[in-house]
Structure formats: C-alpha cells, structure tokens
Amino acid sequence: MSASSFRAFQAVTTGDAAERGVTTVAVADLPDGALIDVHWSSVNYKDALASTPAGKVARISPIVPGIDLAGVLAEDAGGFAAGTEVIAHGYDIGVSRHGGFAERARVPVEWLVPLPPGLTVREAMVIGTAGFTAAMSVVALEDHGVRCGTGPVLVTGATGGVGSVAVNLLAQRGYEVVASSGKAGAHDYLRSLGAKDIVERDTLNQAGGRPLDAMTWVAAVDCVGGQTLANVLSRISYGGAVAASGLTGGAQLPTTVLPFILRGVSLLGIDSVQTPIERRRAVWHRLGGDLKPTGLADIGHDIGLDELDGVLEGILSGAVTGRNVVDVRR
Ligand SMILES: NC(=O)c1ccc[n+]([C@@H]2O[C@H](COP(=O)([O-])OP(=O)(O)OC[C@H]3O[C@@H](n4cnc5c(N)ncnc54)[C@H](OP(=O)(O)O)[C@@H]3O)[C@@H](O)[C@H]2O)c1
C-alpha cells in the first residue's frame with residue numbers, strides 16, 4: 001500500500017460476465033467519507049451476489065465488494081480521532097460504493113460503529129454482517145417474548161454465516177437448538193456450536209405440506225425463506241415467532257394466513273442493511289458483551305484477497321461452511 005493507492009479485490013461487469021481479481025485502486029477513486037485502513041472484512045452471501053451480474057446486487061462497475069469491514073481510522077473524522085478502531089457494514093457499502101475487500105475504504109462517518117469493548121477487529125469480522133443479523137434475530141425473538149426452557153428453537157441454513165452464529169448464540173443463552181442443514185458432513189460442526197438435534201434440509205423444503213402441521217418449535221431463526229419458511233411457519237407453536245432474514249431457498253413465500261390467525265404466530269422481518277445507527281451500535285455493544293459468540297477464534301477461517309474468488313464461487317453453490325474472514329493485508 002502506498003499513500004495514494006492500495007490493493008483491492010475488484011469485479012468489473014461487461015454484459016452478463018464479470019472479470020474478478022486483485023488489482024490496485026487509487027485512494028482518489030474512493031467515494032467521500034472517513035478514510036479507514038481496513039484490517040479485516042468477511043465473506044457474505046450478498047458479496048457473492050455483488051460479484052456477479054446475475055446476482056443483481058452491485059449498482060456500480062467496477063466495484064470493490066465487501067459489505068462489511070473493520071479497521072482503524074487513518075485520519076480524524078467527525079468526533080472520532082485517527083487511530084480509532086471502527087466497524088462499518090450495510091447501507092451502500094459494497095453495493096453502490098466500494099466496500100471492504102481492500103486495504104482502504106471511505107465510509108460516511110455517521111455509518112461508523114466504534115469497536116465495542118470485548119471485541120478485536122478480527123473478532124468483529126468473524127461476527128460480521130452475518131453475526132450481526134443473527135444477533136438481531138435473537139434480540140427480535142426475545143423482544144417478542146421467546147424464552148429458553150419453553151421448547152426447541154429451529155435454525156435453518158444452520159451451517160451458513162447467519163445460521164452458525166444463531167445456533168451458537170441461542171445455545172449459549174440456554175435454548176434447545178435444532179439445526180436444519182443440507183450438509184450431511186456438518187453434523188459434528190453443528191453440535192460443536194451447540195445444536196442438540198439436526199433436521200435434514202430436504203425434510204423442510206418440500207411443497208404440498210399442510211398449512212397447519214404439528215407444533216414442533218417455539219420459534220425459529222430462518223435464513224432460507226421460500227418453501228422452507230412456509231413449512232416452518234406451519235409448525236411453530238401457538239404464539240411463537242420466526243425471525244426471517246434470508247432467501248437462499250427462494251424469495252417466494254407460499255404460505256397461508258392460517259399460522260398467523262389461528263396460532264398467533266408472528267413473522268419478524270430482520271434487516272441489517274438500513275438498521276438505524278443507534279440501534280446498530282447498541283447491538284454491537286451487546287455482541288461484545290452478553291451476546292458475544294463463543295469460540296470466535298475457531299469459527300472464522302482466515303483467507304487473503306487472492307483466495308476470495310474461489311470462496312465467492314463456493315458460496316453461490318451452497319458449499320461453504322462457517323465464516324470466511326478476509327485478512328486484507330495478507
Ligand atoms: N436480512 C439481512 O439483513 C441479511 C443479512 C445477512 C444475510 N442475509 C441473507 O441471509 C441468507 C444467509 O446469508 P449467509 O451470509 O448466512 O449465507 P451463507 O453463509 O451462504 O449460508 C447460507 C446457508 O443457506 C443454506 N442454503 C444454501 N443454499 C440453499 C438452498 N438452495 N436451499 C436451502 N438452503 C440453502 C446453506 O446451509 P445448510 O447447508 O446448512 O442448509 C448455506 O450454508 C442469505 O439469503 C443472505 O442474503 C440477510
């Protein structure tokens with residue numbers, strides 16, 4: 001990295017194709033905002049979508065993807081002094097402005113989260129957007145009144161970024177966690193995160209089920225959407241809730257109103273992108289404290305910018321387990 005340029009992973013779209021790789025970007029080509037020396041980023045499903053035109057996520061080309069980042073302010077910005085450790089994610093980052101897969105980034109100061117006590121910048125990116133979304137899901141369920149000791153809680157897409165942190169957080173808080181996964185080889189991993197039981201993904205994604213089925217879980221964190229979410233809703237206990245954040249199984253929701261009007265089930269929408277900054281900072285504060293996931297050192301798999309291309313491909317084919325964290329200076 002020089003004062004005027006830095007290494008970055010970039011995607012350039014031409015028609016239906018994207019050329020991706022590590023290149024040099026000029027600081028002058030960054031958008032307005034506080035200048036950050038990025039230390040860590042993480043790999044999310046949305047980054048994979050932003051790296052290919054078919055994903056319809058990136059709003060600019062070339063783009064440096066990376067919807068989250070953690071690092072150190074390179075200069076004073078707003079009320080923050082140079083050297084302050086910060087986290088930034090969501091809003092337009094890695095979608096319509098350059099993101100975290102780079103040694104440097106600029107982010108509007110009002111989007112910055114000071115690193116909370118209890119977390120290192122690497123730990124913050126092992127948690128990343130995915131873990132933040134998992135934490136928002138758990139907070140939403142508990143705000144709804146879900147409590148441990150009342151019955152099992154389901155997590156779908158459990159080996160993914162959001163799912164794996166959700167399993168960890170719920171288990172740590174004393175919930176009986178049931179993990180749904182399509183990866184037969186990941187059962188030991190899910191149990192190590194705290195899952196008590198495992199449900200095969202295929203048992204939850206079949207069409208033609210009953211709109212109201214046997215009440216099985218008091219609540220769910222759903223990262224999959226589609227037919228899976230519809231089937232989950234039909235099996236939530238009376239008065240329970242589902243925190244829905246994802247669509248890896250599809251954006252349609254082929255359900256009926258029956259779980260809502262006959263069982264009082266609630267569908268809680270989780271959005272990490274536009275979360276207002278005060279709430280965002282408050283949830284991060286808890287992620288460094290009572291909501292800090294255990295075993296963060298073991299969950300994150302470190303990669304460099306040069307390895308990103310293969311990992312992004314793997315995400316789209318559903319082959320990736322756990323959290324890939326990007327050491328952008330490696
Ligand atoms: N609302 C928000 O603010 C927000 C924030 C972050 C992420 N998201 C969304 O949440 C979802 C998960 O994100 P992530 O970062 O955790 O992604 P991820 O790491 O790629 O994990 C997704 C998981 O979904 C499961 N899956 C993959 N393909 C599937 C399919 N065709 N049908 C059913 N399940 C499938 C897999 O788990 P198993 O193999 O264990 O089944 C996979 O590990 C994505 O849709 C993402 O866009 C939303």
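As the structure lists them, so they are numbered: ligands from 1, and atoms in each ligand from 1. Below, all heavy atoms of this structure are taken into account, side chains as well, without hydrogens, waters or symmetry copies.
Put simply, the residue from R330, R122, R329, R323 that forms a salt bridge (Lys or Arg N to Asp or Glu O under 4.0 Å) with D302 is R122.
Looking only at protein heavy atoms, the nearest one to atom 36 (C) of ligand 1 is R201 NH2, 3.5 Å. Nearest non-hydrogen protein atom to atom 43 (O) of ligand 1 is K183 NZ, 3.1 Å. Summary of contacts: the protein heavy atom closest to atom 19 (O) of ligand 1 is G161 N, 2.9 Å. The protein atom (non-hydrogen) at minimum distance from atom 20 (O) of ligand 1 is Y45 CD1, 3.6 Å. The protein non-hydrogen atom at the shortest distance from atom 10 (O) of ligand 1 is G246 CA, 3.3 Å.
Considering only heavy atoms from C-beta on, C148 stays 4.5 Å or farther from R173 through its side chain.
Note that NE2 of H89 and CG of L112 are 11.0 Å apart. Values are rounded to the nearest 0.5 Å.
Judged purely by distance below 3.5 Å, without hydrogens or angles, the side chains of Y91 and E110 never pair a donor atom with an acceptor atom. A donor and an acceptor atom, one from each side chain of D68 and S42, are located under 3.5 Å apart. Under 3.5 Å, the side chains of Q206 and D202 contain no donor-acceptor pair of N or O atoms. Side-chain contact check for R59 and S96: no donor-acceptor pair (N or O, by modelled atom type) lies under 3.5 Å.
Both the backbone and the side chain of S181 come within contact range of ligand 1, each with a heavy atom under 4.0 Å. Contacts of I270 with ligand 1, taken as heavy-atom pairs under 4.0 Å, involve the backbone alone.
For a threshold of 3.5 Å applied to N or O pairs, the pair formed by A130 and ligand 1 contains no separation below that value. Taking only nitrogen or oxygen atoms, main chain and side chain alike, V224 does not reach within less than 3.5 Å of ligand 1. Ligand 1 has no nitrogen or oxygen under 3.5 angstrom from a nitrogen or oxygen of G249. For a threshold of 3.5 Å applied to N or O pairs, the pair formed by L247 and ligand 1 contains at least one separation below that value. The shortest N/O to N/O separation between T159 and ligand 1 falls below 3.5 Å. Remark: ligand 1 and G163 share no N or O pair separated by less than 3.5 Å (distance only, no angle test).
Looking at T248, D222, N205, I67, it is T248 that brings a heavy atom closest to atom 44 (C) of ligand 1. For atom 41 (O) of ligand 1, the candidate residues are S272, G182, A251, G269; the nearest heavy-atom contact is made by G182.
Between F132 and W284, the ring planes lie parallel to each other; the angle is under 30°, not in the 30° to 60° tilted range.
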